[in-house]
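First comes the structure, then the notes that go with it.
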4 protein chains.
Amino acid sequence: MSAKHPSRRGPKKALRRGRKPKEGRPQEILAAAFEEFAANGYAAARLEDVARRGGIAKGTIYLYFKDKEGLYRAMVRSLIYPALGTIAGLVDSPSGSAEELLRKLISGHYALVVRNKKARDILRLLIAESGKFPQLSDIFHREIIEPGLSTLRRILEKGVASGEFRKAKINDFPQILIAPGVLATIWFMMHGERHRLDLDAYMGAHIEFVLNGLRKRGEHS
Amino acid sequence: MSAKHPSRRGPKKALRRGRKPKEGRPQEILAAAFEEFAANGYAAARLEDVARRGGIAKGTIYLYFKDKEGLYRAMVRSLIYPALGTIAGLVDSPSGSAEELLRKLISGHYALVVRNKKARDILRLLIAESGKFPQLSDIFHREIIEPGLSTLRRILEKGVASGEFRKAKINDFPQILIAPGVLATIWFMMHGERHRLDLDAYMGAHIEFVLNGLRKRGEHS
Amino acid sequence: MSAKHPSRRGPKKALRRGRKPKEGRPQEILAAAFEEFAANGYAAARLEDVARRGGIAKGTIYLYFKDKEGLYRAMVRSLIYPALGTIAGLVDSPSGSAEELLRKLISGHYALVVRNKKARDILRLLIAESGKFPQLSDIFHREIIEPGLSTLRRILEKGVASGEFRKAKINDFPQILIAPGVLATIWFMMHGERHRLDLDAYMGAHIEFVLNGLRKRGEHS
Amino acid sequence: MSAKHPSRRGPKKALRRGRKPKEGRPQEILAAAFEEFAANGYAAARLEDVARRGGIAKGTIYLYFKDKEGLYRAMVRSLIYPALGTIAGLVDSPSGSAEELLRKLISGHYALVVRNKKARDILRLLIAESGKFPQLSDIFHREIIEPGLSTLRRILEKGVASGEFRKAKINDFPQILIAPGVLATIWFMMHGERHRLDLDAYMGAHIEFVLNGLRKRGEHS
DNA sequence: CATGAATGAGATTTCATTCAT
DNA sequence: CATGAATGAAATCTCATTCAT
């Protein structure tokens, strides 16, 4: 069960000071909360474990968050909002062909989401708890999904305009283009390391397939 | 139905109380358990509510299941095993072109999974609780995913052999073909009815895109 | 601090059965709750002690009462409502002079309230917690005070009508007649047995004084 | 254990911060404590609220008082001791008839206690917490009740000596004379403003009744 | 002197599980 | 077989008290 009374009294402050000088208490708590919630889900997570993980006492959590629910909401928000920036950064270079941009976006999706345990964990929480916390799912949709789809849509339009891509129904549902990445994410969520998936090859197939479906007939594979 | 826990004593069920003469007690409990677990997740579901929903007393559950965990496992199993049959049935007709079969499979996926709340619920549980119940995810993988992938693979091979489809990396990862369906499923899980998705059009785009990516160059759109 | 796990398992039921066969569980809990709340006040009373006193487990309380507040309210109500009957019984005999009735009422007040620890305790709770539970004070007022005042008023009117008592301002405030009893009650509440009060003599003085103040001039002392 | 806790360091208070130049820190805290304790009772009062009300930090309380209990005791004492003076002042004029003095005393009781929310609050606390703090009730008895009774007794004796009042049992229990005032106090405690009582008329009836009971037969009403 | 972040004991409340009927 | 009252371990949350600054 590992050390149960982690650093009681005195040393704590001293330890802390040298540890993460830039982050505040609330951030540390949110980080600890994320680990617990991700590992156990909302209902099964114990605030005592959050505290232990954060190296603080139970009561300290309540100095910064109203209750378990408040902590959970704050935690999810703290992960969703900053994520937007990362996504936007994927295709900030306006130069390059549509295909180039699409390749960047898709491989970025793999690097930042599919292969990123933290991203998968937060996604799992959003799926698992969307019944109890629909607002959080809505925030996620508004802050991440919608901007992401917009970006995709713009790339598709650019490709169509430049003659790279053909015009097709898919332009109305750009999410189809990254669906294989989402599926891989779910795959990892459910099977973790138990059922391996050769992600490099998978992503290669994904990109090849997507481009093949988009390109105008007669072009090279 | 192989699962041993429930239905230990086949007889007697048909003749009790005349309530639901065809289903046995354990089945009723499993049905009630599914509703509760699906609505609240494993940890937050209360056995008292399962009992109430099943019209029985709390203690009765323990006559058929060892404990909450046993009930949950039995419930998930009872949903996974029979599901295989339905899937297999989708493309049982060996006749028809590969494209025909693929269309059938994909639209079947939409009808049976994407549009099916029960299927989505069980999938959500598998995702949400895969940390606590990895064996169940494994069963799901073995009984549903693997057979499904095999079927897809066979269709692809048939299509390649018949010259309908081209040879591509995607043949190694047939799941990519139904990925858009999975994404739609996740979409519904997370947003329910709050962010609509025109499923008919979406499926149309999905199928068009998939076939377009598979067909050999120079064929009709 | 005495025996902490009072009669755990087995014996409990057996003991119970032979103890108070007529009263139900909720009544037993209410009785235990009264003792605890009376001894410590609402906020300082611990439900664990209520349970211990009732020979039951903490959780059992929640089978019958929603929460601590619900238990408290139910307890106060269970004491207030039946009390009315006792009061009414004091002067049910319509025969006798007004003086006779008044003597009966006052001495009844001493016997049933002033000298009755249980009555004093509930009164103390009503006073102490009237800020947090004003409805309970209102019930008390409606069920006990008002009927009591009515009775007093009727006696006064009868006395005036029969010529025993003189007409005076006091008829509008009959509570003045039993005020000395209330003062004695408060005295006991505050000082318990530490500052004795010769209640027999006190009540004698009270009655003598009241009757002296009511009687018409020129009559015997 | 006497009064030492608070005001240990007399000087310095007048010159701090210019907030309330005449009162010292401890006094401000006691005032804030009174409001909180009066509003919620001892157990339910939160020291954090006391601090907030006093415009100080939680820790500051502990600079002047040992703990919550010490604060409470000091607060009650600080209210009881000075009260004596006010009472004594009521009938300091040795001149006047006994009736005059009695009228003064009773109406003083109404002005200073019955109509005085602060006095009622402290009385309620004494009643509510007499189980937990019997010493405070004793102090109250010694400092307030006993002197008050002595004063009453002296007036009665003076009245008897001067022939104004008759000799009666009541002389042994002078508290009976102000009992109606106490009852009105309790009435206000319990019902606040919800069940009005015409205090002017009530007091009139009280005084009339008391004097009527005391005067010798044959005198005017 | 004063602060207020941090602590952790303790109180309330929930709920899986048991078992006498 | 079925019940549901009862249990008590465990989780959430509060708040008096401490102490580094």
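First the proteins, then the strands, lettered A, B, ... as listed; each starts at 1.
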B:R25/B:I56 under side chain to side chain contact (heavy atoms under 4.5 Å, CB included): CA gap, chis, key distance, verdict: CA-CA 9 Å; B:R25 251 307 145 79; B:I56 55 170; 3.7 Å; yes

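In terms of heavy-atom proximity, A:R77 sits nearest to A:P82 at O-CD, 4.0 Å. Across all their heavy atoms, B:F65 and B:A74 have their closest contact at CE2-CB, 3.7 Å. Across all non-hydrogen atoms, the minimal contact from B:Y64 to B:P26 is CD2-CG, 3.7 Å.
Two residues are said to be in side-chain contact when any heavy atoms from C-beta on lie closer than 4.5 Å; B:M75 and B:L125 meet this criterion.
The CG atom of A:N40 sits 16 Å away from the P atom of F:dA10 (whole-angstrom rounding). Between A:Y72 atom OH and F:dT12 atom P there is a gap of 15 Å when expressed in whole angstrom units. Between A:I29 atom CD1 and E:dA5 atom P the separation is 12 Å, expressed in whole Å. Separating the NZ atom of C:K58 from the P atom of F:dA11 is a distance of 13 Å, rounded to the nearest angstrom.
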Which side-chain N or O atoms in residues 29-51 of chain D pair as donor and acceptor under 3.5 Å with protein atoms at least two apart or in another chain?
{"residue": "D:E35", "atom": "OE1", "partner": "D:R53", "partner atom": "NH1", "Å": "2.8"}
{"residue": "D:E36", "atom": "OE2", "partner": "D:R53", "partner atom": "NE", "Å": "2.8"}
{"residue": "D:E36", "atom": "OE2", "partner": "D:R53", "partner atom": "NH2", "Å": "2.7"}
{"residue": "D:Y42", "atom": "OH", "partner": "D:E69", "partner atom": "N", "Å": "3.4"}
{"residue": "D:R46", "atom": "NH1", "partner": "D:D49", "partner atom": "OD1", "Å": "3.0"}
{"residue": "D:R46", "atom": "NH1", "partner": "D:D49", "partner atom": "OD2", "Å": "2.9"}
{"residue": "D:D49", "atom": "OD1", "partner": "D:R52", "partner atom": "NH2", "Å": "2.8"}

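Applying the side-chain hydrogen bond (donor to acceptor under 3.5 Å, both in side chains) criterion to A:S130, with sequence neighbours excluded, gives B:R124.
Applying the salt bridge (charged side-chain N to carboxylate O under 4.0 Å, His left out) rule to pairs touching residues 127-139 of chain B yields A:R194-B:D138, sequence neighbours excluded.
The stretch residues 43-53 of chain D touches DNA chain F through D:A45, D:R46, D:L47, each having a heavy atom within less than 4.0 Å of the strand. Shown for residues 59-70 of chain C: residues whose heavy atoms fall under 4.0 angstrom of DNA chain E, namely C:Y62, C:D67, C:K68.
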Dot-bracket encoding of pairs in DNA chain F, which uses [ ] for pseudoknotted crossings and | for another strand, Watson-Crick or G-U under 3.5 angstrom: .||||||||||||||||||||

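Rounded to the nearest 0.5 Å, atoms CD1 (B:I127) and CZ (B:F140) are 8.0 Å apart. C:S137 contributes atom OG, which lies 8.0 Å from atom CD1 of C:I80 (distance to the nearest 0.5 angstrom).
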